[in-house]
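Below is one structure, written out as C-alpha cells; comments come after it.
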Amino acid sequence: MSAFPTKPIAKLTGHNGIVHAVAYSSGSQSYILTGSSDRTVRLFNPQKAPTSSVAPPVSSDYPPGLVNKYSAHGYEVLSIDVNTDNDKFVSTGGDKTVFVWDVQTAQTVRRFTGHSGRVNRGVFGGDGDSIIATGSFDGTVRIWDMKSNAYKPIMTLDDAKDSITDVAIHDAEILAASVDGRVRSYDLRTGMCQADVIGFSCTSLDVSKKGTEMLVSSLDSTVRLMDRTNGELLKAYKDEIFVNKDLRVRSTLGLNDSVVLSGSDDGMVFAWDIMGEECMHRFKHSEMREVHGKGPAVQPASKKEVVSAVAFCKTRREWVSGGGDGNVIVWGA
C-alpha cells in the first residue's frame with residue numbers, strides 16, 4: 001500500500017456550497033467535473049489548479065483551472081456521470097429533473113422529468129450508453145432511453161420501501177441501494193430482482209470490475225464488500241474515528257479494485273486495503289493532509305465538515321475528495 005497516493009496535487013475552488021458530486025472525464029481522465037449545493041456543475045483542468053488556489057472574489061467567476069460552468073439546476077446538484085464518448089454527462093439533483101449536457105456547448109440536450117422527489121443518482125449504461133438509470137428519494141429507479149425522443153421512462157422499478165440513494169449498472173444489471181437497508185439487483189434480460197439485505201440504511205454503491213463484488217456504505221459507520229453471487233459478506237471496513245451515521249457519503253473501489261476509499265460525516269477520508277480490515281490511511285480534507293496515528297475522534301462542527309464525494313482516477317494513481325467547504329482536493333503520488 002506504500003504506493004497509495006497521499007499528496008495533495010491540486011485544489012479546485014469556486015463552489016460556494018457543499019460539493020456532493022465529483023467525476024473524472026472518460027478516456028484519459030484529464031478533467032474533473034464537480035457538482036454542488038450551489039446548483040452549478042463545473043469542469044476543471046486540475047493541472048492548472050495549484051494546491052495554493054484560493055476561491056476568487058465574487059467579481060471574478062473563474063478560479064484557477066476552471067474550464068466551464070454548467071447552470072440549469074434550480075436546486076442542489078447531487079450526482080454526475082460522464083458517458084464513454086466524453087461528449088455528454090448526466091447530472092441529477094434536488095429539482096427532480098435529470099439533465100443531459102453537451103460538454104462543449106454547456107447546454108442541456110435532454111431533460112427527463114417524472115420523479116416526485118430529489119434524484120440522488122443518475123448513471124449511463126447499456127450499449128453505447130443508450131440508457132440512463134436514475135434513483136430518487138421517491139423510492140423508484142427509472143430507466144430513460146437516450147436513443148428515442150420519449151420523455152417518459154421506459155421502465156420504473158418500485159420495489160424499494162424507501163429512498164434510493166445510489167444506482168450502478170454492470171452489463172445488463174441495474175443495482176440500486178436504498179435507505180430501507182437493501183441493495184436490489186435487476187437483470188434487464190430476465191426481469192428478475194434479487195435483494196441483498198445489509199440491514200442498515202445504504203448510502204453508496206460501487207461494483208467491482210468483474211461484477212462479482214459490490215461495495216456498500218451504510219449509516220452504521222461501516223463499508224461492506226459483498227459477494228454478489230451469494231450475498232455473502234466478504235469484508236467490513238471500519239475505523240474507530242470513521243463516522244457515517246447521518247449523511248450520504250460515497251465510497252469507491254480504486255487502484256484496480258485493490259483499495260477501498262470513503263468520505264465521512266466529519267471531514268475525514270479513509271483508505272483501506274481491500275484484503276485487510278485495518279485502515280491504512282486517513283486524511284483531513286479541509287487541511288489537505290494525511291493524519292498519522294489514530295488521533296482523537298473529531299467532533300463535527302457542522303455539515304460543512306462532510307466529505308460526501310470521492311472518486312478514483314482509472315488511468316493514474318490519483319483520487320479526489322469533495323467537501324462541505326466547497327473545495328475539491330486532488331491527491332496524487
Side-chain angles (χ1 to χ4, degrees), residues 23 78-79 81 83-84 90 92 98 112 114-115 117 119-146 153-220 222-237 244 248-254 257 260-262 274 311-312:
L78 295 172
S79 87
D81 192 49
N83 71 348
T84 315
V90 56
T92 68
V98 181
F112 297 114
H115 280 298
V119 184
N120 288 319
R121 187 75 167 137
V123 290
F124 284 103
D127 290 337
D129 291 331
S130 55
I131 62 160
I132 289 172
T134 55
S136 164
F137 186 74
D138 65 15
T140 68
V141 175
R142 294 178 189 228
I143 320 289
W144 313 86
D145 187 357
M146 283 291 289
I154 49 174
M155 200 180 281
T156 299
L157 310 169
D158 57 4
D159 301 274
K161 306 286 181 281
D162 209 326
S163 172
I164 303 285
T165 49
D166 206 355
V167 176
I169 297 182
H170 188 270
D171 291 341
E173 286 183 285
I174 291 177
L175 291 82
S178 172
V179 172
D180 68 12
R182 286 164 170 73
V183 176
R184 292 173 178 82
S185 304
Y186 297 90
D187 188 316
L188 296 182
R189 293 161 299 205
T190 62
M192 294 287 286
C193 171
Q194 171 187 318
D196 288 302
V197 180
I198 306 299
F200 297 89
S201 296
C202 304
T203 60
S204 170
L205 182 62
D206 195 15
V207 184
S208 65
K209 285 193 172 133
K210 295 190 303 239
T212 45
E213 299 85 27
M214 64 181 179
L215 188 72
V216 186
S217 291
S218 52
L219 293 182
D220 60 338
T222 308
V223 182
R224 291 173 175 82
L225 187 69
M226 309 290 294
D227 186 320
R228 291 197 56 220
T229 50
N230 58 15
E232 192 186 328
L233 173 68
L234 298 172
K235 285 274 181 217
Y237 307 96
N244 182 205
R248 193 180 75 112
V249 304
R250 284 199 65 72
S251 59
T252 183
L253 294 161
D257 292 349
V260 170
L261 185 72
S262 178
I274 197 161
F312 245 104

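Computation of the quantities below employed the complete heavy-atom set of this structure, encompassing side-chain atoms and omitting hydrogens, waters and symmetry-equivalent molecules. Starting from 1, each residue takes its place in the sequence as its number.
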Mind checking side chain to side chain donor-acceptor pair (under 3.5 Å) for Asp227 and listing every partner two or more places apart, or none if nothing turns up?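 By the side chain to side chain donor-acceptor pair (under 3.5 Å) rule, Asp227 matches Thr229.
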Does Thr84 have any side chain to side chain donor-acceptor pair (under 3.5 Å) partners at least two apart in sequence or in another chain, and if so, which?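 Scan of Thr84 (side chain to side chain donor-acceptor pair (under 3.5 Å), adjacent residues dropped) gives Asp129.
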Could I get the full list of side chain to side chain contact (heavy atoms under 4.5 Å, CB included) partners for [X], not counting sequence neighbours?
X: Asp158; value: Thr140
X: Asp166; value: Arg121, Ala177, Ser204, Leu205, Arg250
X: Asp180; value: Ala160, Lys161, Asp162, Ser178, Arg182, Arg184
X: Asp127; value: none

As an exercise, state the distance from [atom1] of [X] to [atom2] of [Y], rounded to the nearest 0.5 Å.
X: Ile164; Y: Asn120; atom1: CD1; atom2: CG; result: 9.0 Å
X: Ile169; Y: Phe124; atom1: CD1; atom2: CZ; result: 10.0 Å
X: His170; Y: Asp206; atom1: NE2; atom2: CG; result: 10.5 Å
X: Phe137; Y: Ser163; atom1: CZ; atom2: OG; result: 5.5 Å
X: Asn244; Y: Ser251; atom1: CG; atom2: OG; result: 8.5 Å

Of the non-hydrogen atoms in Thr203 and Val249, which two are nearest, and what is the gap between them? OG1-O, 3.5 Å
Closest approach of Leu219 and Phe200, non-hydrogen atoms and distance?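 Scanning both residues, the minimum pair turns out to be N-CB, 4.5 Å.
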Between Ser79 and Thr92: side-chain donor-acceptor atoms closer than 3.5 Å: yes
Pairing donors with acceptors under 3.5 angstrom, does anything connect the side chains of Ser218 and Arg224? yes
Check the pair Trp144 / Ile132 against side chain to side chain contact (heavy atoms under 4.5 Å, CB included), numbers first and verdict last. CA-CA 5 Å; Trp144 313 86; Ile132 289 172; 4.3 Å; yes
Main-chain N/O of [Y] paired to [X] side chain as donor or acceptor, under 3.5 Å:
X: Arg189; Y: Ala172; answer: no
X: Arg228; Y: Ser185; answer: no
X: Tyr237; Y: Ile274; answer: yes
X: Ser208; Y: Glu213; answer: yes
X: Thr165; Y: Cys202; answer: yes
X: Thr222; Y: Asp220; answer: yes

Are any of the side-chain heavy atoms of [X] and [Y] separated by less than 4.5 Å?
X: Met214; Y: Asp196; result: yes
X: Ile131; Y: Met155; result: no
X: Val167; Y: Ile174; result: yes
X: Ser217; Y: Val223; result: yes

Residue that, paired with Thr134, satisfies side chain to side chain contact (heavy atoms under 4.5 Å, CB included) out of Val98, Val141, Val90: Val98
One pair to check against side chain to side chain contact (heavy atoms under 4.5 Å, CB included): Ile198 and Met226. What are the steps and the verdict? CA-CA 9 Å; Ile198 306 299; Met226 309 290 294; 4.0 Å; yes
One pair to check against side chain to side chain contact (heavy atoms under 4.5 Å, CB included): Leu253 and Val260. What are the steps and the verdict? CA-CA 5 Å; Leu253 294 161; Val260 170; 4.0 Å; yes
